[in-house]
Amino acid sequence: MVGLKPPEVPPPPAAKFLCAGTAACIADLCTFPLDTAKVRLQIQGEVRVPRSSSAVQYRGVLGTLRTMVRTEGARSLYSGLAAGLQRQMSFASIRIGLYDSVKQLYTPKGAESTGLGARLLAGCTTGAVAVACAQPTDVVKVRFQARAALPDGARRYSGTWDAYRSIAREEGVRGLWRGSLPNIARNAIVNCGELVTYDLIKEALLRAQLMADNVPCHFVAAFGAGFCATVVASPVDVVKTRYMNAGPGQYRNALSCLLALLMQDGLAGLYKGFIPSFLRLSCWNVVMFISYEQLQRAVVLVRAAPS
């Protein structure tokens, strides 16, 4: 037996909500440098207004991390971490913590098990609601992660709260929800790729009795979920990152951002930063799901313990 035993009674929705946000923060702390490297690679070579020419600065995951440490210091790897943790507490709590509850709403009464359609609908629903609530934190996180790639003096923020205020003042409240449509699309896809795939792989492993419901099983299911989510979500993720990081007037909308990317880089541009995206998302999924499962079980044990 590895880890805490599965509980006989599932934790209440509120416990799942808090456990999901906490587990996501733990995962972010472990994988944030990979996320920053992904953002830098995704925006590299972007045509800006006004136009500026710059040599390729980043090459590969390790090369990007080394370049950032050499030119900006090790702290640059965690630029935007505060906004990232704010994002996870508001975002992951909804999309992950409420997934099981919403899944039950879509499951017909009397059904022995939840079908694929109900799982996909639950993933899309919680992913979209989470974006609507947490979009400003995502915008600020991307701005901080990308800011060293900008010309000197452009969009520098003294801190997280200054970034929220500055964006709202200079770009309007709509600026805090910049990129909402591609982000909703991305997170509906990622949510389905992560949660539904994790559900299916875990159930298949348990049904075939290949693994017990413990940490190794959660590791395998989470790693597979990370790969599937990266493959289907990378194109939308690249557009989302570029659109969120854009200055006022650079793109008319998310579609014009996509067209500019295709004209400049072709179809390959849709998978810019794929390796760090995969490394980050698979590692994030492994840490998050293992932490989430264990935190839920710990909560049940604490609730069941005699006072």
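Counting only heavy atoms from C-beta outward, the side chains of Leu200 and Leu116 approach each other to under 4.5 Å. Using a 4.5 Å heavy-atom threshold, the side chains of Leu258 and Arg242 count as separate. Residues Tyr99 and Glu194 fail the side-chain proximity criterion, which asks for heavy atoms closer than 4.5 Å. Counting heavy atoms from C-beta outward, Leu195 and Lys103 have side chains that stay 4.5 Å or more apart. Side-chain atoms of Leu281 and Lys38, non-hydrogen and from C-beta on, never get closer than 4.5 Å to each other. Using a 4.5 Å cut-off on side-chain heavy atoms (C-beta onward), Tyr198 and Asn285 make no contact. Side-chain contact check for Pro12 versus Arg303: some heavy-atom pair is nearer than 4.5 Å. Counting heavy atoms from C-beta on, the side chains of Gln86 and Phe91 never come closer than 4.5 Å.
With respect to Arg280, the side-chain contact (heavy atoms from CB on, under 4.5 Å) criterion is satisfied by exactly one of Val39, Val61, Asp28: Asp28. When each of Arg207, Lys202, Lys5 is tested with Asp213 by the rule salt bridge (Lys or Arg N to Asp or Glu O under 4.0 Å), just one qualifies, namely Lys202.
Between the side chain of Glu171 and the main chain of Leu176, no donor-acceptor pair closer than 3.5 Å is present. Asn253 places a side-chain N or O within 3.5 Å of a backbone atom of Ser256 that can act as its donor or acceptor partner. Between the side chain of Ser282 and the main chain of Leu279, a donor-acceptor pair closer than 3.5 Å is present. With hydrogens and angles disregarded, a donor-acceptor distance shorter than 3.5 Å links the side chain of Ser76 to the backbone of Gly73. Of the possible donor and acceptor atoms, one in the side chain of Gln294 sits under 3.5 Å from a partner among the backbone N and O of Leu4. Thr36 places a side-chain N or O within 3.5 Å of a backbone atom of Phe32 that can act as its donor or acceptor partner. Remark: side-chain polar atoms of Arg178 are not paired, donor with acceptor, to backbone N or O of Val139 under 3.5 angstrom.
Atom CD1 of Ile26 sits about 11.5 Å away from atom CD1 of Ile290, to the nearest 0.5 Å. The line from OG1 of Thr114 to CG of Leu120 is 12.0 Å long, rounded to the nearest 0.5 Å. Here the CD atom belonging to Gln104 is positioned 12.5 Å from the NZ atom belonging to Lys109, to the nearest 0.5 angstrom. Note: Leu295 CG to Tyr292 OH = 10.0 Å, rounded to the nearest 0.5 Å. Between atom CG of residue Leu85 and atom CZ of residue Arg87 there is a gap of 11.0 Å, rounded to the nearest 0.5 Å. Here the OG-CD distance, from Ser79 to Glu72, works out to 8.0 Å after rounding to the nearest 0.5 Å.
Of all the heavy atoms in Cys30 and Val287, the pair that sits closest is SG-CG1, 4.2 Å. Pairing each heavy atom of Ser277 with each of Ser234, the nearest pair is CB-OG, 4.3 Å. Residues Ala229 and Val190 share a closest heavy-atom pair of CB-O, 4.2 Å. Nearest heavy atoms, Ser180 versus Val131: O-CG1, 4.1 Å. In terms of heavy atoms, Leu65 sits closest to Ala37 at CD2-CB, 3.9 Å. Minimum interatomic distance between Gln296 and Pro11 (heavy atoms only, all atoms of both residues): OE1-CG, 3.4 Å.
Linking Ile, Leu, Val, Met, Phe, Trp and Tyr whenever their side-chain heavy atoms come within less than 4.5 Å puts Leu77 and Leu41 in one cluster. Under the 4.5 Å side-chain heavy-atom criterion for ILVMFWY residues, a single connected hydrophobic cluster contains both Leu270 and Val231. Following chains of ILVMFWY side-chain contacts shorter than 4.5 Å, one can reach Val238 starting from Leu262, so the two form part of one hydrophobic cluster. Clustering ILVMFWY residues whenever any of their side-chain heavy atoms sit less than 4.5 angstrom apart, transitively, puts Leu81 in the very cluster that holds Leu34. Note on Phe289: it does not cluster hydrophobically with Met211, by side-chain heavy-atom contacts below 4.5 Å among ILVMFWY residues.
No more than 12 heavy-atom neighbours from other residues, nucleotides or ligands sit within 6.0 angstrom of CG on Leu267. Sparse packing is recorded around CZ of Phe223, with 12 or fewer heavy atoms of other residues, nucleotides or ligands lying under 6.0 Å away. For CZ of Phe17, the number of neighbouring non-hydrogen atoms (other residues, nucleotides, ligands) closer than 6.0 Å is greater than 12.
With salt bridges taken as basic N to acidic carboxylate O contacts below 4.0 Å, none links Glu170 and Arg143.
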Review point. Do Arg40 and Thr67 pass the side-chain contact (heavy atoms from CB on, under 4.5 Å) test, and can you show the C-alpha distance, the side-chain angles, and the key distance before you say yes or no?
Key: CA-CA 11 Å; Arg40 295 293 180 90; Thr67 299; over 6 Å; no
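Note: Trp161 and Tyr164 have tilted aromatic rings, judged against thresholds of 30 and 60 degrees for the angle between ring planes.
Taking the six-membered ring for Trp, Phe144 and Tyr78 have ring centres at least 6.0 Å apart.
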